[in-house]
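Step one of this worksheet: look at the structure below.
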Amino acid sequence: MTFGKGCHLHLIDGSAFIFRAYHALPPLTRKTDGLPIGAVAGFCNMLFRYIEGNKGPDAPTHVAVIFDHSSKTFRNEIYPDYKANRPELPEDLRPQFPLTREATRAFNIACIETEGYEADDIIATLSCQARDAGGRVTIISSDKDLMQLIGDGVVMFDAMKNKTIDRDEVFEKFGVGPERVVDVQSLAGDSVDNVPGAPGIGIKTAALLIQEYGDLETLLARAGEIKQPKRRETLINFADQIRISHRLVSLKCDTPLDFTLESLEVRAPEPDTLLTFLNVMEFRTLTKRVADSLKVAAPLPETATPSPAAQAEAVAAPEALPFDHAAYEAVTEPEQLARWIARIRERGHVAFDTETTSLDEMRADLVGISLAVDPGHACYIPLGHRQGGGDLFASDSLVEGQMLLAEALALLKPVLEDPAILKIGQNMKYDWKIMARHGVEIAPIDDTMLMSYAMFAGLHSHGMDELSERYLNHRPIPIKELLGSGKSQITFDRVAIADAVKYAAEDADVTLRLWQLFKPQLHRARVTTVYETLERPLVPVLARMEMAGVKVDRDTLSRMSNAFAQKMAGFEAEIHDLAGGPFNVGSPKQLGEILFDRLQVPGGEKGKTGAYATGAEVLEDITTLEDSHPQGAELAARVLDWRQLSKLKSTYTDALQDHVNPDTGRVHTSYSIAGANTGRLASTDPNLQNIPVRSEEGRRIREAFVAPPGRVMVSLDYSQIELRILAHIADIPALKQAFRDGHDIHAMTASEMFNVPLDQMTSDIRRQAKAINFGVIYGISGFGLARNLRIPRAEAQGFIDRYFERFPGIRAYMDDTVAFAKAHGHVETLFGRKIHTPEISAKGPGAGFAKRAAINAPIQGTAADVIRRAMIRMPGAIAGIDARMLLQVHDELLFEVAEADVDRLIATAKEVMETASDPAVQLSVRLVVEAGRGPNWAAAH
DNA sequence: GACATCACG
DNA sequence: GACGTACGTGATGTCC
C-alpha cells in the first residue's frame, strides 16, 4: 500500500515512554536473575494499552516507535554544552534500553533510531514526508520541542493525559502558533536542554516580541527599534547566541532514513514472538492479558532449574491464580472452623480481617471475620448478621446460619494470640482494636498497608483497593456495591451472608497475596529496618492510645459554644449594618461581592474560580485602610472576629461534644500511620492534632481536655526538634554550638545575620530571624519569606543571601538533597525512611513544589521517626508507673498520670524522648524535652 | 464533590 | 519580569 491520502501515521516518542515508565514504577527486578525490568515492564504495558486503545475506526494505518540513539548528536557540534546539564542516567535504567527496542519489535512495530540524530528529528522528518504525501500524522508525545511540527494534518497526542494537543494548546503554552514556536524557543532558551537563548528573556517576553515583529529574523534585524533599553541591548549583543539557539531547537526535516513510509504499515503482532518475549521477561500478568487479547493460550512460565528461593517465590507469585469468589467458604460450624485453624497452624501464618458496622472502632460491632491461608483459599465466619427492620423498638434478630460469637472467639483467641502464628492484616490497627474490645490482643502482626508505606511513600496511597489494583491487577468488590451510598446506605450487618462471604473473604485473600508479594520486596527496597522498627511496632501502641481516649468536659465546651454564639450574633448584626443589608457572613463569595463591588474597597483580586479572595491575609490588609476606607476596614475587622469564633465554635466546641463516646465518656481519635508521606501521623475523627493554642481565645478550648479526679495531665514536647535535626544533618557548627550552649536559637541567628549583639536584640529582629529559620526548613524562597514577613521581596532575598553566607552548610544541604532526589527518585530520613519524589524532575512550576518538599521531607521525617521511636519504647519504660500515653501532636506527647506518679513519669518519659535516636543514629545535637503539668491540657502545655 | 478558609506542628 | 512558591496535615461551610 502506497502511503498517501487516507493514510494515518502514528509516531510514538519511545524515549518519553521509557522515562515515564521508569519513574512511574517501583524498581522491579526479574525474579530469576535480578535484572532490572521496571521500565521495560511499564513500557510494554504502555505499548499494549496503546494498541488496545487504537483499534477503532480512526486506527492508524502506519506506526513507528522512535528512540534516541545516543546523547551525542550533530547539535553538540553546533553547541558543545547542548543537553550538558542532564543528570546522569540512573544505573538501573541504561541496561533496559536495548530491551525496550526488543519489546517494540516483539509487538511487531517498527523500531527506529539513527546515529547522530535525536528522535525528535526523525519524528520531524517522517511527519514532513507523510504530510507531503497527503496523509495525516499523530505524534504520541507531550514534548514541547515537538510542538513546532503541529499543523497541516499533524497533531500531537498526550497519552498520559489522554488529550490531543493542537494549535490552541500551543498558543496557550508559547503565545504563538506552531510555526513560530522555534522563534520563541530560540529567545527564551531552555534550561532543561541547556539551550542558552537570550539572557533575561522568557517565554512571555519572547512571545510578545515575536507577535510584534512577526518572526525572529525581522526582530533581530530591527532590534534597534525596541524601546526597553535592556531588552534592546540583549537582543543586539546576544544575536549570535540566539541564532545558535535557533539551530538547536529547529528540528531537521531531512534526516537520512534508510526505509520508506510504506514499511511502517501496521502489522498484527506474531503471538509466538510476543508471548515468548513477555514470558522471558517474566511479566506474568501482561503475558496473560496479551494472550487473552490475541485469543491464544499463555505460555507456561519458564521452568529452567530455578533456585530454591526463586521457586518459593514462584509459588508465592500472587498473579498466578485468578480470583474466584465462588471458591470462598462460609464457616458456620465449630468443626469447620477447627479445620481452618489446623491449616493455619500448619502454615504458621494467616491473613485476618474483620467486618463491622462502623468505621469508628470504638462504636463498631463485630459482624464477621475472614481468614486466608493460601492465595484463593479464604473463608468468612458470619457472626452478627441481622434482619428485621422498621421496628425501632425491638432489637433485630440474628440471621440463621451463623456461628455463635463466643464459640468463634474461644476457638480463635489462642491462634490470634499465639506468638508462633503471624497474623497478617491490611491496616491491622483497626482489627486489633475491634478484637481488643472482645478481649483478644492480636500478636504478632504484619501489615501490608505499612509495608507499602515503607516502600512506596510518596508514590501512591496505601489503601487495599489501590494496592490490589496496582500490584495484583485485580479490582476488589467495592464496598459500595454491598452497602450502597448516601441516605440509603446500610451497615454491614444488613448484608446478605452470601454476598458478605465473597466480599470479606476476598479482602483476606487480597491481603495475603499482597503480603506474599511485599514481604521479599521489603529487603530489596532496603526498608526492612524502617518497617520493623518504625511502622509495625507502632500499631499496638497507637491502638492502646486511641482506646484510652482523652477525657473532655462537655459542660465546659457547651458553655463556650453558647458564649461564642452570643458574641457572633453581635458581630453579625454589626457586619450587616456596615454592609448595608443582611447576607451570609460565612459565604466568602457574598462577602467578596459586598466588599469589592458594593463598597468599592480597592484591591479586590479574583482567583481562578472567578471569586474574590477573602482570606484572613486579604481582610487584614483591608483593616489597615482605616483612613481611606473606614467602612471597609471596620467590616473586614468584624468579619475576622466573627470568623475566629465561627471556626472555634463549629470545629471545636460544637463538633468535639459530638465525639464524646457515650460508653467511655471520652474522645477517641484515630491516627493514620500511613497518611502523611513524611512519616508523620495524622489524627482524624476528630483531629486532635490541631486543637487551638496560638490565640488566647482558642487556647481556652484546651481547658476542656481534663484529667479525671486524682490524676494529672502531663505534656512533654521536644524543643526545636526540626532545627536541631537541621543543624545535625546540614552540619552547621554555629547552630550546633548555640544549641549546646542552650542559647535562644532565633536570637543567635539574628545576631549572626544582622550583626546585633545578643544584649541589644529587639523582638522584631528576632522575629525575622525566626521566620528565616523556619523558612529554611520549608525550602526557603524569597517570595515566601517576603509574604510571611510582609516585606519587599528584594529585602527578603537579601536576608536569605546573608543567611546562606553565614551558614554555607544550609545551601549545600539543600542542593545535595535535591540532587539526591533527582538521582534516586526519593529522599531519606536519618533512620532510612524513604520518601519518594516522583515530581522532582518535572518541568515548569511543579518543580519548585517538589524541590521544597524534598528539602523539607528529611527534616520533618527524621523528627517524625524520633518521636515514633520514643512512643514505641514508652509502654515498656513506664510499665511500673500509673500513667497512660494519650495523644501525640508531632513533637508533643500528652499523658494522664496518677498524682503520686507525676515526677516519676516526667523523669522517665523525658529520658525516653531525649534518647530516642539512640543507638541507631548518633545525633551531634542533643535533643531537649520540656515538661508541663496541670489539671487540663491548657495548664500542662 | 470542589473550593475556600483556618486550626495545628 | 520565565514559571509560581514557603513544608506537612484535617474539618468545616458554601455552592454547584
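Residue numbers start from 1 in every chain, and the chains themselves are labelled A, B, ... in the order their sequence lines are given, proteins ahead of strands.
- Between A:K204 and A:A682, the one whose closest nucleotide on DNA chain C sits nearer the 5' end is A:K204.
- Contact annotation for A:S646: no contact, since no heavy-atom pair falls under 4.0 Å across all strands.
- Residue-level contact check: A:N687 touches the backbone only, with heavy atoms under 4.0 Å from sugar-phosphate atoms and none from bases.
- For the pair A:R811 and A:Y813, the cation-pi criterion (under 6.0 Å, within 45° of the ring axis) is not fulfilled.
- In A:R700, the CZ atom is not crowded: 12 or fewer heavy atoms of neighbouring residues, nucleotides or ligands sit closer than 6.0 Å.
- For A:F705 and A:W937, the ring centers are positioned less than 6.0 Å apart.
- Not a single donor-acceptor pair under 3.5 Å links the side chain of A:H836 to the backbone N or O of A:H826.
- B:dC3 adopts an anti glycosidic conformation, its chi angle falling more than 90° from 0.
- Checking the phosphate oxygens (OP1, OP2) of C:dT9, no side-chain nitrogen or oxygen of A:R680 falls inside 4.0 Å.
- Residue A:R643 is in sugar-phosphate contact alone, with no base atom involved, counting any heavy-atom pair closer than 4.0 Å across all strands shown.
- Residue A:N856 has no polar side-chain atom (N or O) positioned under 4.0 Å from OP1 or OP2 of C:dA6.
- In this structure a side-chain-to-backbone donor-acceptor pair under 3.5 Å is missing from A:T684 to A:N687.
- Between C:dA2 and A:S191, no contact under 4.0 Å exists linking OP1 or OP2 to a side-chain N or O.
- The gap from the P atom of C:dT5 to that of B:dT5 amounts to 14 Å, rounded to the nearest Å.
- In this model, the phosphate group of C:dG1 is not approached by any side-chain N or O of A:Q228 to a distance below 4.0 Å at OP1 or OP2.
- At the heavy-atom level, A:E892 lies nowhere under 4.0 Å from the strands shown.
- Residue contacts shown for A:D891 are limited to sugar-phosphate atoms, with no base heavy atom under 4.0 Å away.
- First and last contacts of DNA chain B with chain A, using any nucleotide atom under 4.0 Å from a protein heavy atom and ordered 5' to 3', fall at B:dC3 to B:dG9.
- Counting non-hydrogen atoms under 4.0 angstrom, A:G200 reaches the backbone sugars and phosphates but no base.
- The distance from atom CD1 of A:I673 to atom P of C:dT9 is 16 Å, rounded to the nearest whole Å.
- Counting to the nearest Å, the P atom of C:dG10 and the CG atom of A:N677 are 10 Å from each other.
- Within 4.0 Å of A:I855, counting heavy atoms only, lies no atom of the nucleic acid at all.
- Residue contacts shown for A:I777 are absent, as no nucleic acid heavy atom lies under 4.0 Å away.
- Within a 6.0 Å sphere centred on NZ of A:K144, other residues, nucleotides and ligands contribute more than 12 heavy atoms.
- Proximity of a side-chain donor or acceptor of A:R852 to a complementary backbone N or O of A:S781 within less than 3.5 Å is not detected.
- For A:K589, a side-chain nitrogen or oxygen approaches OP1 or OP2 of C:dC16 to under 4.0 Å.
- Under the 6.0 Å cut-off for aromatic ring centres, A:H890 and A:Y718 do not qualify, their centroids lying 6.0 Å or more apart.
- For the pair A:E839 CD and C:dG4 C1', the computed distance is 15 Å after rounding to whole Å.
- Between A:F583 and A:H576, the distance separating the two ring centers is shorter than 6.0 angstrom.
- As a whole-Å value, the separation of A:Q644 CD from C:dG13 P is 17 Å.
- One can place OH of A:Y813 at 14 Å from P of C:dC7, the figure rounded to the nearest angstrom.
- Among C:dG10, C:dG13, C:dG1, the nucleotide with an atom closest to any side-chain atom of A:S650 is C:dG13.
- Taking 4.0 Å as the cut-off between side-chain N and carboxylate O, A:E233 and A:K230 do not count as a salt-bridged pair.
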**Asked** If you write DNA chain C from 5' to 3' in dot-bracket form, with Watson-Crick or G-U pairs under 3.5 Å, [ ] for crossing pairs and | for pairs with another strand, what do you get?
**Response** ......|||||||||.
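- Note: CG (A:D685) to C1' (C:dT9) measures 14 Å, nearest angstrom.
- Here A:A771 lies in heavy-atom contact (under 4.0 Å) with a base.
- Sequence order on DNA chain C of the closest nucleotides to A:G586 and A:T684 puts A:T684 first from the 5' end.
- Put simply, A:R852 has a side-chain N or O that comes within less than 4.0 Å of OP1 or OP2 on C:dC7.
- The residue A:T614 sits close only to the backbone: its heavy atoms come under 4.0 Å of sugar-phosphate atoms, none of a base.
- C:dA2 atom C1' lies 15 Å from atom CZ of A:F783, rounded to whole Å.
- Comparing C:dG8, C:dT14, C:dA6 by their nearest atom to the side chain of A:S587 picks out C:dT14.
- Of the side-chain N and O atoms in A:K173, none sit less than 4.0 angstrom from OP1 or OP2 of C:dC3.
- Residue contacts for A:G775: at a heavy-atom cut-off of 4.0 Å it reaches a base atom on one of the strands shown.
- For the pair A:K649 and A:F564, the NZ or CZ position fails the cation-pi test of under 6.0 Å to the six-membered ring centre and within 45 degrees of the ring normal.
- Among the heavy atoms of the strands lying under 4.0 Å from A:A655 are primed sugar atoms or P, OP1, OP2 only; no base atom is included.
- C:dT5 atom P lies 17 Å from atom CZ of A:R790, rounded to whole Å.
- Between A:F799 and A:Y803, the distance from one ring center to the other does not fall under 6.0 angstrom.
- Note on residues 857-870 of chain A: pairs passing side-chain hydrogen bond (donor to acceptor under 3.5 Å, both in side chains), not counting sequence neighbours, are A:E535-A:R868, A:T678-A:Q860, A:T829-A:D865, A:R833-A:D865, A:N856-A:Q860.
- Within the nucleic acid shown, A:F774 has no heavy atom closer than 4.0 Å to any nucleic acid atom.
- One P atom belongs to B:dC6, the other to C:dA6, and the distance between them is 15 Å to the nearest Å.
- Across all strands, A:A616 comes closer than 4.0 Å only to sugar-phosphate atoms, never to a base (heavy-atom distances).
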